Amino acid sequence: NERDIFLDHSVEQEGLQHAWDSALSCVARNDYCVMLAHPHKETLRFLEQHAQGLTTRDFAPITDFLKTN
């Protein structure tokens with residue numbers, strides 16, 4: 001797979017919200033989308049506010065999909 005959405009291309013609230021809305025649209029279509037982000041304080045704060053109530057059916061950490069030897 002490849003990245004579909006980069007959450008924090010901009011750490012401004014509007015940019016984060018636009019990327020987040022794209023991810024939610026992807027989930028609503030039952031598509032598989034790869035969303036990446038950096039651990040910027042703004043990004044982490046945004047995720048803390050917006051990811052509440054989501055399940056691993058909706059979102060899962062990338063580490064769940066990485067192969068380990």
Side-chain angles (χ1 to χ4, degrees):
N1 286 331
E2 60 186 46
R3 175 193 44 83
D4 298 296
I5 300 165
F6 193 67
L7 181 62
D8 55 1
H9 178 72
S10 165
V11 294
E12 298 295 324
Q13 185 70 25
E14 293 166 353
L16 289 165
Q17 188 65 55
H18 178 73
W20 183 255
D21 291 343
S22 295
L24 292 179
S25 293
C26 201
V27 170
R29 291 189 311 268
N30 291 319
D31 286 343
Y32 292 98
C33 298
V34 176
M35 178 173 63
L36 298 178
H38 292 102
H40 299 301
K41 65 181 177 179
E42 298 89 351
T43 305
L44 296 174
R45 188 177 315 116
F46 182 89
L47 287 171
E48 286 173 349
Q49 294 170 353
H50 290 81
Q52 293 178 12
L54 295 176
T55 67
T56 54
R57 182 192 177 287
D58 298 321
F59 290 91
I62 193 72
T63 53
D64 288 359
F65 302 98
L66 298 176
K67 276 188 158 180
T68 58
N69 292 327

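What you are looking at is a predicted structure, and each value in this text was computed from that prediction instead of being measured.
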Is there a chain of hydrophobic side chains (I, L, V, M, F, W, Y, each step under 4.5 Å between heavy atoms) that links Met35 to Leu24? yes
Donor-acceptor pairs are to be reported for all side-chain atoms of residues 38-52 against protein atoms at under 3.5 Å, with residues two or more places apart or in another chain.
residue : atom : partner : partner atom : Å
Thr43   : OG1  : Asp8    : OD2          : 2.8
His50   : ND1  : Phe46   : O            : 2.9
His50   : NE2  : Gln17   : OE1          : 3.1
Gln52   : NE2  : Glu48   : O            : 3.0

For the NE2 atom of His18 and the CG atom of Leu7, what is their distance to the nearest 0.5 Å? 11.5 Å
Greater than 12 external heavy atoms within 6.0 Å of Gln13's CD: yes
